[in-house]
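Here is the structure we will look at.
In the text below, chain A, chain B and the rest are named by the order of the sequence lines, each starting its count at 1.
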2 protein chains.
Amino acid sequence: MDEKAAVAVFECLSSGVRLGVFRLLVKAEPVGIVAGDIATALDIAPSSLSFHLRTMTQAGLLRVEQEGRFLRYRANLGLMSEVVGFLTENCCSGVAGGCRDADILSGRIPGCGSSNPARESKA
Amino acid sequence: MDEKAAVAVFECLSSGVRLGVFRLLVKAEPVGIVAGDIATALDIAPSSLSFHLRTMTQAGLLRVEQEGRFLRYRANLGLMSEVVGFLTENCCSGVAGGCRDADILSGRIPGCGSSNPARESKA
DNA sequence: TCCACATTTCCAAATTTGTTGAAATATCGT
DNA sequence: ACGATATTTCAACAAATTTGGAAATGTGGA
């Protein structure tokens, strides 16, 4: 996953509305939810929801499938796991040696907080 | 980590500039970088950078420390790991049984793709 | 074919973000 | 104390996002 794709996903998640949509769809896995029902559940104007749905689908976060005159949306969990991977890598890279998930999740990263930070500024 | 805090972090990461700043600071761990040097490295106007730095700091993604007339910024890896946790939980919740990180990272989530999705719409 | 319905597209207004240059604040070195 | 430097704050502006209503599109049922 490249930075550009990551930014697109974060853009999606950076709106309360869209994050709400995504969380709702994750809970609704693997069935998914039809657009109108999302609008009802989250109390969003259809036209406004459609706008967000399009954004999220374009970012690859959602999958659509036509079902008669309904459109059923589903969360793309695979992409989300890629995002987690991106974040995990970018969380650790550059830090001494091998920081594993467990190290980070546990709070403190060994050997990453007590050096002698010398200024390397130019002035 | 609540949804509100998560949205704030995603807002930070949803800008190419800010994601660039964060990645730079992650690489610069545990020393951190002084504001002016970030501006130079990323070629951003000081005033504009300051704007982003403030946003990111308010979201808790960055830590600041004064060093003479310099301000040294560091990435808050702890918060980032919380975000990863938030994402992981929201990626799996509602899906049958115990989806672990490994299950997701490996790509396919067992038992989450072959049911018989019946419509539950109201119309 | 005609009507009802689900959803999207279009459009204009409101809101939010991001950028810039100038001025303010604060610290260092002399 | 003074001048130079680092960074922020401020104000104005440009640009992007978000919203909701009306109209268009497409599907299904009678």
Side-chain angles (χ1 to χ4, degrees), chain A residues 4 7-22 24-25 28 31-59 61-74 117-123, chain B residues 4 7-22 24-25 28 31-59 61-74 117-123:
Chain A
K4 206 173 160 189
V7 167
V9 171
F10 293 137
E11 258 170 36
C12 284
L13 271 27
S14 71
S15 145
V17 175
R18 285 190 296 261
L19 183 53
V21 169
F22 187 76
L24 184 66
L25 285 174
V31 177
I33 313 184
V34 145
D37 290 352
I38 302 177
T40 303
L42 268 39
D43 193 36
I44 312 169
S47 139
S48 187
L49 177 65
S50 186
F51 166 77
H52 291 297
L53 253 23
R54 188 167 61 96
T55 303
M56 298 175 77
T57 304
Q58 281 177 349
L61 214 47
L62 262 40
R63 290 285 167 67
V64 196
E65 198 180 345
Q66 185 141 18
E67 232 173 62
R69 34 181 176 166
F70 302 91
L71 286 180
R72 177 171 301 270
Y73 286 87
R74 295 195 201 157
R119 284 268 326 295
E120 77 297 332
S121 183
K122 55 182 183 293
Chain B
K4 207 173 158 188
V7 167
V9 170
F10 294 138
E11 257 170 35
C12 285
L13 270 28
S14 72
S15 145
V17 175
R18 286 190 295 261
L19 182 54
V21 169
F22 187 76
L24 185 65
L25 285 173
V31 177
I33 313 184
V34 146
D37 290 352
I38 301 176
T40 303
L42 267 41
D43 194 35
I44 311 169
S47 144
S48 186
L49 176 66
S50 187
F51 167 76
H52 292 296
L53 253 22
R54 187 166 62 95
T55 303
M56 298 175 77
T57 304
Q58 281 178 346
L61 214 47
L62 261 39
R63 290 285 168 66
V64 195
E65 199 180 343
Q66 184 143 18
E67 233 172 62
R69 40 183 170 162
F70 302 90
L71 286 180
R72 176 171 300 271
Y73 287 87
R74 296 195 202 158
R119 283 266 328 293
E120 78 295 334
S121 183
K122 56 183 181 296

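Heavy-atom distances under 4.0 Å link DNA chain C to Arg18(B) of residues 12-21 of chain B, given in residue order. Of all the residues in residues 43-55 of chain B, Ala45(B), Ser47(B), Ser48(B), Phe51(B), His52(B) reach under 4.0 Å from DNA chain C with at least one non-hydrogen atom.
Judged purely by atom type and a 3.5 angstrom limit, Thr40(A) uses its side chain to pair as donor or acceptor with the backbone of Gly36(A). A distance-only check finds no donor-acceptor pair linking the side chain of Arg72(B) to the backbone of Glu65(B) [under 3.5 Å]. Between the side chain of Ser14(A) and the backbone N or O of Glu11(A), at least one donor-acceptor pair lies under 3.5 Å. With hydrogens and angles disregarded, no donor-acceptor distance shorter than 3.5 Å links the side chain of Glu67(B) to the backbone of Arg69(B).
In this structure, CG in Leu25(A) is found 4.5 Å from CD1 in Ile38(A), a value given to the nearest 0.5 Å. Expressed to the nearest 0.5 Å, how far CZ of Arg18(A) lies from CD1 of Ile44(A) amounts to 10.5 Å. Between atom CG of residue Leu53(B) and atom CG of residue Leu61(B) there is a gap of 11.0 Å, rounded to the nearest 0.5 Å.
Spacing between atom CZ of Arg69(A) and atom C1' of dG28(D) amounts to 5 Å, rounded to whole angstrom units. The distance from atom CD of Gln58(B) to atom P of dT17(C) is 12 Å, rounded to the nearest whole Å. What separates CD of Glu11(B) from P of dT16(C) is a distance of 11 Å, to the nearest Å. For Phe70(B) and dG29(C), the CZ to C1' distance is 12 Å, given to the nearest whole Å. One atom, CD of Glu67(A), and another, C1' of dC5(C), lie 16 Å apart when rounded to the nearest Å. In this structure, the CE atom of Met56(B) is 12 Å from the P atom of dG18(C), given to the nearest Å. Rounding to whole angstrom units, CD of residue Gln66(A) and P of dG26(D) are separated by 10 Å. Regarding Tyr73(A), its OH atom lies at a distance of 15 Å from the P atom of dA6(C), rounded to whole Å.
Nearer to the 5' terminus of DNA chain D, by closest-nucleotide assignment, is the contact made by Leu71(B) (compared with the other of Gly68(A) and Leu71(B)).
The minimum heavy-atom distance linking His52(B) with Ser15(B) is given by the pair CE1-OG, 4.4 Å.
Legend: residues meeting side-chain contact (heavy atoms from CB on, under 4.5 Å) with Thr57(A), ordered by chain and number and at least two apart, are Leu62(A), Val64(A), Tyr73(A).
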